[in-house]
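Worksheet: one structure, shown below.
Within every chain, numbering begins at 1; the chains are lettered A, B, ... in the order of the sequence lines, protein sequences first and strands thereafter.
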There are 2 protein chains.
Amino acid sequence: MKARVHVMLKNGVLDPQGEAVRHALGAMGFDKVTGVRQGKVIDLDLVEGATEADVAEMCEKLLANTVIERYEIELV
Amino acid sequence: MKARVHVMLKNGVLDPQGEAVRHALGAMGFDKVTGVRQGKVIDLDLVEGATEADVAEMCEKLLANTVIERYEIELV
């Protein structure tokens with residue numbers, strides 16, 4: 001089985017990476033973009049029987065910095 | 001409107017970042033993980049009327065290095 005984890009900066013936390021992308025897109029003439037947030041996506045291959053709770057524990061302990069980041073788990 | 005873009009290394013391209021995460025998870029006792037691939041997720045806020053083709057052009061020109069990366073676009 002597989003899990004996909006999205007790790008994004010929480011709303012209100014400054015995202016300089018996303019801001020740089022937004023600026024670069026604007027400079028290249030892409031004027032339909034009003035905002036950009038960039039985060040990480042982590043695709044996990046798991047053994048059968050792993051649960052969403054296992055993945056949540058990995059997020060809490062390693063994958064996300066929960067002070068400034070939030071995560072979403074999708075089992076696929 | 002919003003678009004979410006996933007940028008992942010193509011299959012077969014070595015992913016040292018994912019490999020480091022896999023190793024760290026293993027060292028922490030998470031033995032249900034057999035593989036990890038890490039990529040980027042970019043959330044775009046777009047003006048009404050922007051199309052998937054616009055986003056694809058952004059991916060080709062800036063967001064992804066199409067030599068080694070593939071991208072997926074999701075309009076939401």
Side-chain angles (χ1 to χ4, degrees), chain A residues 1-11 13 15 17-65 69-76, chain B residues 1-11 13 15 17-65 69-76:
Chain A
M1 62 183 292
K2 285 171 182 285
R4 170 162 276 191
V5 177
H6 288 112
V7 179
M8 304 293 292
L9 287 167
K10 288 180 177 171
N11 291 334
V13 178
D15 177 6
Q17 211 172 2
E19 211 36 45
V21 171
R22 195 191 57 77
H23 187 261
L25 286 170
M28 291 170 76
F30 293 108
D31 49 11
K32 291 175 180 167
V33 181
T34 57
V36 179
R37 302 285 283 178
Q38 185 170 331
K40 287 178 287 189
V41 55
I42 301 160
D43 284 344
L44 301 167
D45 293 324
L46 300 165
V47 298
E48 286 309 313
T51 63
E52 186 163 335
D54 292 322
V55 181
E57 197 185 344
M58 295 176 208
C59 290
E60 294 285 339
K61 291 198 176 157
L62 182 76
L63 303 179
N65 173 356
E69 291 172 327
R70 62 190 164 75
Y71 58 85
E72 295 157 28
I73 298 166
E74 224 177 290
L75 294 182
V76 283
Chain B
M1 62 184 291
K2 286 172 181 287
R4 171 162 275 190
V5 176
H6 287 111
V7 179
M8 304 293 293
L9 286 167
K10 286 180 177 172
N11 291 334
V13 178
D15 177 7
Q17 211 172 2
E19 213 33 47
V21 171
R22 195 190 58 75
H23 187 260
L25 285 170
M28 291 170 75
F30 292 108
D31 50 9
K32 291 177 180 168
V33 180
T34 56
V36 180
R37 303 284 283 176
Q38 184 170 333
K40 287 177 289 189
V41 55
I42 302 161
D43 284 343
L44 300 167
D45 293 324
L46 300 164
V47 298
E48 285 309 313
T51 63
E52 186 162 336
D54 292 324
V55 180
E57 198 185 344
M58 294 176 209
C59 290
E60 293 286 339
K61 292 196 176 160
L62 182 75
L63 302 180
N65 174 358
E69 292 172 327
R70 62 190 163 75
Y71 59 87
E72 293 158 29
I73 299 166
E74 223 176 289
L75 293 183
V76 283

Distance in Å, A:Ile42 CD1 paired with B:Arg22 CZ, rounded so as to fall on 0.5 Å steps:
14.5 Å
Measure the spacing between NZ of A:Lys32 and CD of B:Glu57 and express it to the nearest 0.5 Å.
9.5 Å
Measure distances from B:Lys61 to the heavy atoms of chain A and classify the residue's part below 4.5 Å as side chain, backbone, both or neither.
both
Evaluate the criterion side chain to side chain contact (heavy atoms under 4.5 Å, CB included) for residue pair A:Val33 and B:Leu46; output intermediate values, then yes/no.
CA-CA 5 Å; A:Val33 181; B:Leu46 300 164; 3.8 Å; yes
Point-to-point distance, once rounded to the nearest 0.5 Å, from CE of A:Met1 to OG1 of B:Thr34
10.5 Å
Nearest-0.5 Å distance, CG of residue A:Asp43 to CD of residue B:Gln38
10.0 Å
